Amino acid sequence: MSSPSSPDIYIPVQWSQAANSIVSSSTPPITLICGASNCGKSTLARYLLNVLLTRCNRAAYLDTDVGQPEFTPPGFVSLTVVHKITPDLTIPCLKTPERSLFFGDVSSKRDPSVYLNYIRSIYDYYLKEYRTYDKEEKCYKIQIPLVVNTSGWVKGVGYNVLVDMLRYICPTHIVKIGISTDNKNLPAGKFWLDGKHDRTMKLLEINSARQDSLNRSVLVQKDSRLMRDLRIMAYLRQCFPSNSDISTIKELAHSLTSHCPYHVPIASIKIRHVHREVPSSEMFYSLNASIVGLAVESEGAENLPWCLGLGIVRAIDTVKGMLYLLTPLPFDSLKKVNLLLQGYIQIPSCLLQVKGCISPYMSTNVLTTS
């Protein structure tokens with residue numbers, strides 16, 4: 001059986017004790033991990049996921065950190081069902097989520113109310129799919145465990161969002177990680193309780209740790225911007241077969257240049273700009289050379305559009321009524337897409353700066369309006 005921890009990552013005893021306490025629950029646990037930025041939430045969440053997978057054949061991961069997600073490119077709130085232990089906690093690990101919503105930014109500060117609504121929608125989907133009603137005991141039972149990872153925005157509006165999240169999800173376990181800077185920590189105890197919510201939730205308060213006595217790292221150190229670019233590039237790398245000889249940024253940029261895009265009739269899709277309004281006369285200029293969420297909008301205003309993946313709008317020909325799209329999404333999935341969502345997720349600048357590479361995203365001869 002694989003080890004739940006990476007060989008290059010040291011997990012403190014306090015962390016492993018917390019994980020073991022959670023997995024020993026009599027029913028599949030729902031665990032939410034919270035704390036300030038850079039305290040180790042993601043490392044602990046993935047470690048806990050691995051420990052759960054030593055006891056059960058699958059576990060769900062609800063990722064609410066739109067800036068530093070674990071299994072998707074940035075900008076998503078997502079639910080991923082994981083079946084295998086992730087052997088290395090130090091590297092990003094792209095997986096196809098079961099459900100995701102495109103928030104379109106790397107910070108929930110852009111629109112906290114929409115962000116919270118997305119989390120509720122994804123959690124509702126989890127309950128719908130993985131909770132059943134036991135007629136004999138007359139109660140609902142969770143079928144697979146859930147790990148909820150959160151962002152490090154825990155002050156001001158971010159604190160209120162976290163409190164609302166805790167009250168809505170009502171986890172069985174809350175792991176609160178504290179750091180040495182007290183004024184950046186969450187309040188002590190069950191800070192989210194207001195007298196109306198479940199006081200039986202188990203709170204585990206643990207400390208962040210960066211080194212052990214042998215100076216081994218216990219956290220995955222992150223350069224946020226670099227990690228976002230790496231995730232986007234890893235996602236775009238999926239446009240090509242896994243055995244393709246693409247190992248550098250330069251090779252990826254040139255490969256994207258020569259890659260044949262999908263031809264999407266403009267009349268077959270809707271275009272929506274999230275978090276801002278764009279005049280109709282500027283819509284195509286705004287959309288050209290941008291990353292978009294490829295979504296499926298269903299009937300009913302209450303239904304949020306599920307997002308199937310990302311794409312790059314390589315060019316637009318308004319005379320032919322055609323949009324040219326680069327995406328690793330398979331054609332059968334792309335056929336379902338009826339909505340393009342444009343936010344603030346940007347093409348990594350390193351892909352646009354490769355010397356000698358004609359950019360596949362900014363063709364001056366394709367975007368035509370007459």
Side-chain angles (χ1 to χ4, degrees), residues 30-39 41-42 45 60-80 97-128 146-171 174 176 184 186 191-192 197 222 224-225 227-228 231-232 272-278 290-298 301-310 339-346:
I30 296 175
T31 307
L32 185 144
I33 299 173
C34 56
S37 297
N38 299 317
C39 69
K41 295 184 298 297
S42 296
Y61 191 94
L62 198 171
D63 204 334
T64 71
D65 189 347
V66 293
Q68 297 294 328
E70 288 301 311
F71 300 128
T72 70
F76 285 94
V77 176
S78 65
L79 180 76
T80 303
E98 185 163 321
R99 280 292 186 269
S100 62
L101 291 167
F102 184 64
F103 182 72
D105 202 357
V106 298
S107 172
S108 55
K109 295 178 182 178
R110 180 73 65 178
D111 195 330
S113 60
V114 168
Y115 169 72
L116 189 57
N117 191 33
Y118 280 16
I119 293 171
R120 289 169 176 164
S121 180
I122 293 285
Y123 182 67
D124 288 347
Y125 172 84
Y126 164 78
L127 292 181
K128 178 183 175 183
L146 176 68
V147 177
V148 183
N149 191 28
T150 63
S151 72
W153 188 28
V154 297
K155 295 298 179 180
V157 176
Y159 172 82
N160 295 332
V161 169
L162 178 61
V163 168
D164 287 345
M165 195 188 312
L166 281 161
R167 291 176 180 177
Y168 191 85
I169 294 175
C170 293
I174 296 91
K176 183 169 57 174
K184 293 184 178 181
L186 288 162
F191 59 88
W192 64 92
H197 293 85
K222 296 179 180 180
S224 297
R225 183 182 293 275
M227 292 299 291
R228 285 194 287 269
R231 283 186 172 90
I232 292 173
R272 185 179 303 162
H273 299 265
V274 296
H275 310 306
R276 59 178 172 174
E277 295 290 334
V278 175
S290 69
I291 287 183
V292 293
L294 307 176
V296 180
E297 185 174 48
S298 58
E302 73 283 356
N303 295 323
L304 294 170
W306 294 123
C307 194
L308 304 184
L310 293 181
L339 176 65
L340 300 187
L341 298 171
Q342 183 187 10
Y344 292 92
I345 306 301
Q346 299 179 346

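Along the sequence shown, residues carry numbers from 1. In this text, all values refer to a predicted model and were calculated from it rather than measured experimentally.
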Enquirer: Taking atom CG of Leu32 and atom NZ of Lys41, what is their separation to the nearest 0.5 Å?
Expert: 10.5 Å
Enquirer: Would you say Thr72 and Leu310 make side-chain contact, with heavy atoms under 4.5 Å?
Expert: no
Enquirer: Within this structure, what is the CG-CD distance for the pair Leu341 and Glu297, rounded to the nearest 0.5 Å?
Expert: 8.5 Å
Enquirer: Can you confirm whether His275 sits close enough to Gln342 that some side-chain heavy atom of one is under 4.5 Å from a side-chain heavy atom of the other?
Expert: no
Enquirer: Just how far is it from atom CG of Leu304 to atom CZ of Arg120, taken to the nearest 0.5 Å?
Expert: 12.0 Å
Enquirer: What do the steps show when you test Phe102 against Ile345 for side-chain contact (heavy atoms from CB on, under 4.5 Å), and what is the final call?
Expert: CA-CA 10 Å; Phe102 184 64; Ile345 306 301; 4.0 Å; yes
Enquirer: Would you say that Trp153 contacts Leu162 through its side chain, given a criterion of any heavy-atom pair below 4.5 Å between the two side chains?
Expert: no
Enquirer: Taking salt bridge (charged side-chain N to carboxylate O under 4.0 Å, His left out) as the criterion, tell me which of Arg110, Arg228, Arg276 meets it with Asp105.
Expert: Arg110
Enquirer: Can you tell me how far OH of Tyr126 sits from NZ of Lys128, rounded to the nearest 0.5 angstrom?
Expert: 15.5 Å
Enquirer: So, taking the atom named CD1 in Ile119 and the one named CG in Leu79, what distance separates them when rounded to the nearest 0.5 Å?
Expert: 12.5 Å
Enquirer: Counting neighbours of CZ on Arg225 that are heavy atoms of other residues, nucleotides or ligands and sit closer than 6.0 Å, is the number greater than 12?
Expert: no
Enquirer: Over all heavy atoms of both residues, which pair between Pro69 and Val66 is shortest? Give the atoms and the distance, please.
Expert: CD-O, 3.8 Å
Enquirer: Is there side-chain contact between Ile33 and Thr150, with heavy atoms separated by less than 4.5 Å?
Expert: no
Enquirer: Decide if the gap between the ring center of Phe76 and the ring center of Phe103 is smaller than 6.0 angstrom.
Expert: no
Enquirer: Please list, chain by chain and in numerical order, all residues satisfying side-chain hydrogen bond (donor to acceptor under 3.5 Å, both in side chains) with Ser107, sequence neighbours excluded.
Expert: none
Enquirer: Under a 4.5 Å cut-off applied to non-hydrogen side-chain atoms, are Val296 and Ser298 in contact?
Expert: no
Enquirer: Would you please test Asn149 and Ser42 for side-chain contact (heavy atoms from CB on, under 4.5 Å) and show each step?
Expert: CA-CA 7 Å; Asn149 191 28; Ser42 296; 3.2 Å; yes
Enquirer: Would you indicate whether the side-chain heavy atoms of Leu186 and Cys34 approach each other to under 4.5 Å?
Expert: yes
Enquirer: Is there side-chain contact between Leu294 and Leu340, with heavy atoms separated by less than 4.5 Å?
Expert: yes
Enquirer: Do the non-hydrogen side-chain atoms of Trp192 and Ile174 ever get within less than 4.5 Å of each other?
Expert: yes
Enquirer: side-chain contact (heavy atoms from CB on, under 4.5 Å), that's the test. Do Tyr123 and Met165 meet it? Break it down for me.
Expert: CA-CA 10 Å; Tyr123 182 67; Met165 195 188 312; over 6 Å; no
Enquirer: Nearest heavy-atom pair of Ser100 and Cys307: which atoms, and what distance?
Expert: OG-O, 2.7 Å
Enquirer: Can you name the nearest heavy-atom pair linking Ile232 to Pro74, along with the distance?
Expert: CG1-CD, 3.8 Å
Enquirer: Ser78 pairs by side chain to side chain contact (heavy atoms under 4.5 Å, CB included) with which of Ile122, Thr64, Asp63?
Expert: Asp63
Enquirer: For the residue pair Tyr61 and Phe71, does the interplanar ring angle fall in the parallel (under 30°), tilted (30 to 60°) or perpendicular (over 60°) class?
Expert: perpendicular
Enquirer: To the nearest 0.5 Å, how far apart are CD in Glu98 and OH in Tyr125?
Expert: 3.5 Å
Enquirer: Heavy atoms only: give me the nearest Val274-Gly104 pair and the separation to one decimal.
Expert: CG2-CA, 4.3 Å
Enquirer: Is Gln346 atom CD crowded by more than 12 heavy atoms from other residues, nucleotides or ligands, each under 6.0 Å away?
Expert: no
